[in-house]
Amino acid sequence: MGSQVSKPLEFSKIAAPPDTAAAPAKPAPPATPGAPTSPAEHRLLKTCWSCRVLSGLGLIGAGGYVYWEARKPMKMGYPPSPWTITKMVIGISIATWGMVVMAHPKGKAYRVA
């Protein structure tokens, strides 16, 4: 009855690497970060209306929450500080991002041939 740390390590045999002669002479270049891996993945946000609505409403709700939490001290009579104003601007920005996701998803303005 010991933990895995107190037991000795058991080494298993590693399979031999595959034959390198069968490998292509020039491998495909790695995918660039941020690039879609398949055409279906790229079109998902543009064509899936429920995905856009859910994402957009989630961002609008999060932005509203950040904004209203920043306004609470002001409603109690405290003067706004620079940090309070910054939080309000961040909340408005998050909510605006949600509206953009719902109305104009990434790459919708460009025609793909």
Side-chain angles (χ1 to χ4, degrees):
M1 288 262 180
S3 67
Q4 287 290 350
V5 177
S6 64
K7 293 181 182 178
L9 293 175
E10 295 180 17
F11 295 101
S12 61
K13 293 188 178 190
I14 299 173
D19 187 20
T20 57
K26 185 177 182 184
T32 58
T37 56
S38 69
E41 180 183 328
H42 182 66
R43 285 184 253 147
L44 182 63
L45 191 59
K46 289 190 265 182
T47 59
C48 180
W49 177 247
S50 62
C51 299
R52 287 172 43 191
V53 169
L54 184 64
S55 300
L57 287 177
L59 286 167
I60 291 170
Y65 176 77
V66 170
Y67 178 82
W68 288 112
E69 285 297 313
R71 275 194 51 93
K72 273 186 181 178
M74 292 173 55
K75 288 185 176 187
M76 291 189 287
Y78 294 108
S81 67
W83 179 240
T84 303
I85 303 298
T86 303
K87 288 192 283 186
M88 290 171 65
V89 169
I90 290 171
I92 292 170
S93 301
I94 293 171
T96 305
W97 182 21
M99 290 180 216
V100 168
V101 166
M102 285 183 10
H104 183 74
K106 177 183 174 187
K108 185 179 173 185
Y110 301 105
R111 182 176 178 187
V112 179

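The analysis underlying the following values was restricted to heavy atoms, covering all of them including side chains, and did not include hydrogens, waters or symmetry mates.
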Let me confirm one number: the CD1-CE distance from Ile94 to Met99, rounded to the nearest 0.5 Å.
12.0 Å

Restricting to pairs with a member in residues 83-99, which pass side chain to side chain donor-acceptor pair (under 3.5 Å), not counting sequence neighbours?
Ser81-Thr84

Which atoms form the tightest heavy-atom contact between Ile60 and Met102, and what is the distance?
CD1-SD, 4.4 Å

Please list all pairs passing the salt bridge (charged side-chain N to carboxylate O under 4.0 Å, His left out) test where one or both residues lie in residues 54-67, with sequence neighbours left out.
none

Side-chain hydrophobic cluster, 4.5 Å single linkage: members besides Met76:
Tyr78

Could you state the interatomic distance from CG (Leu54) to CG (Leu59), rounded to the nearest 0.5 Å?
9.5 Å

Taking distance alone, no hydrogens or angles, what donor-acceptor pairs closer than 3.5 Å link side-chain atoms of residues 65-73 to residues at least two apart or in another chain?
| from | atom 1 | to | atom 2 | distance (Å) |
| --- | --- | --- | --- | --- |
| Glu69 | OE2 | Lys72 | NZ | 3.1 |

